[in-house]
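Quantities reported herein were computed from a predicted structural model and do not represent experimental measurements.
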Amino acid sequence: MRRVTGASGGVGRFAVQLAARAGAHVIASVGGPERAERLQSLGAGEILAGTAKPAEPVFGVLDNVGGNLLAEAFGALEDGGIVLSIGWASCEPTIIDFEEERMKGVLKRLEPFTAAAPFGPDLAYLIHLLEKEELDPQIGWCGPWERVDEAIGALLGRRVPGKAVLDLILRGPTDSM
């Protein structure tokens with residue numbers, strides 16, 4: 001089983017789809033039931049809302065939230081499991097009692113996400129899936145560049161399920177005259 005925390009956001013919704021596509025049983029964790037919209041249709045086998053925890057240990061966690069949720073996810077890993085920390089939406093410190101975890105006698109890992117170039121092959125694969133409509137971009141807000149402040153507020157206020165897209169109008173040098 002794989003768990004995706006912060007599954008209702010733009011990155012989380014892609015993660016749910018890609019993990020399900022790879023054959024994983026996906027547990028999507030969201031802040032509340034209203035944030036769960038369309039996650040089952042994207043491949044989530046289970047949805048946990050609020051402080052709900054998986055019934056059984058999980059093998060992998062992709063954590064977008066950090067803080068207490070990251071610590072809880074690490075504690076819920078099965079033997080050989082891994083948490084990949086990719087975000088910090090909670091803006092809270094993460095406190096893990098490693099002595100308590102060591103006493104459980106279970107081998108597990110916690111790793112921070114890092115990205116390194118080249119990105120080309122990965123981006124080409126994602127574009128290919130989008131073109132074939134095998135990956136849903138989950139656009140939850142769309143508007144002109146002039147409304148960028150509104151888009152940022154909606155994203156930070158967690159009022160956008162998925163991604164926000166800003167329309168840009170590019171003008172050539174003669175267009176401004």
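With a 4.5 Å cut-off on side-chain heavy atoms, Val148 and Trp145 count as touching. Residues Ile27 and Val61 fail the side-chain proximity criterion, which asks for heavy atoms closer than 4.5 Å.
Within the structure, the side chain to side chain donor-acceptor pair (under 3.5 Å) test picks out the following pairs touching residues 101-129 (sequence neighbours left out): Arg21-Tyr125, Glu99-Arg102, Glu101-Lys104, Glu101-Lys108, Arg109-Glu111. Under the salt bridge (Lys or Arg N to Asp or Glu O under 4.0 Å) criterion, the residue pairs touching residues 54-77 are Arg3-Glu72, with sequence neighbours excluded. Note on residues 10-19: no pairs pass salt bridge (Lys or Arg N to Asp or Glu O under 4.0 Å), not counting sequence neighbours.
Hydrophobic clustering (side-chain heavy atoms under 4.5 Å, transitive across Ile, Leu, Val, Met, Phe, Trp, Tyr) groups Leu130 together with Leu18. In the hydrophobic clustering of this structure, Leu69 does not group with Phe74; members are Ile, Leu, Val, Met, Phe, Trp, Tyr whose side-chain heavy atoms approach within less than 4.5 Å, directly or through other members. Hydrophobic clustering (ILVMFWY, side-chain heavy atoms < 4.5 Å, transitive): Val4 and Leu70 are in distinct clusters. By the rule that hydrophobic residues join a cluster once side-chain heavy atoms approach within less than 4.5 Å of another member, Met103 and Ile95 end up as members of separate clusters.
Atom CD of Glu134 has more than 12 neighbouring heavy atoms from other residues, nucleotides or ligands inside a 6.0 Å radius. More than 12 heavy-atom neighbours from other residues, nucleotides or ligands sit within 6.0 angstrom of CG on Leu123.
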Would you give me the side-chain donor-acceptor pairs under 3.5 Å for residues 159-167, sequence neighbours excluded?
| unit_1 | atom_1 | unit_2 | atom_2 | d |
| --- | --- | --- | --- | --- |
| Arg159 | NH2 | Gly153 | O | 3.2 |
| Lys163 | NZ | Gly10 | O | 3.0 |
| Lys163 | NZ | Pro137 | O | 2.8 |

Return a table of donor-acceptor pairs under 3.5 angstrom between the side chains of residues 81-89 and protein atoms on other chains or two or more places apart.
| unit_1 | atom_1 | unit_2 | atom_2 | d |
| --- | --- | --- | --- | --- |
| Trp88 | NE1 | Glu92 | O | 2.6 |

N/O donor to acceptor pairs below 3.5 angstrom from side-chain atoms of residues 38-52, sequence neighbours left out:
| unit_1 | atom_1 | unit_2 | atom_2 | d |
| --- | --- | --- | --- | --- |
| Arg38 | NH2 | Asp136 | OD2 | 2.6 |
| Ser41 | OG | Arg38 | O | 2.8 |
| Glu46 | OE2 | His25 | NE2 | 2.8 |

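The two residues Thr94 and Gly66 have their closest heavy-atom pair at OG1-C, 3.8 Å. Listed here is the closest heavy atom pair of Gly6 and Asn64: O-ND2, 3.9 Å. Contact between Phe119 and Ala116 at its shortest, heavy atoms only, is CE2-O, 3.7 Å.
Using a distance-only test at 3.5 Å, with no hydrogens or angles considered, no donor-acceptor pair links the side chain of Arg158 to the main chain of Arg35. A distance-only check finds a donor-acceptor pair linking the side chain of Asp79 to the backbone of Leu107 [under 3.5 Å].
With rounding to the nearest 0.5 Å, the separation of CZ in Phe14 from CG in Leu129 is 9.0 Å.
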CA sep, side-chain torsions, deciding dist, call: Leu110, Leu77, side chain to side chain contact (heavy atoms under 4.5 Å, CB included) = CA-CA 10 Å; Leu110 169 61; Leu77 288 175; over 6 Å; no

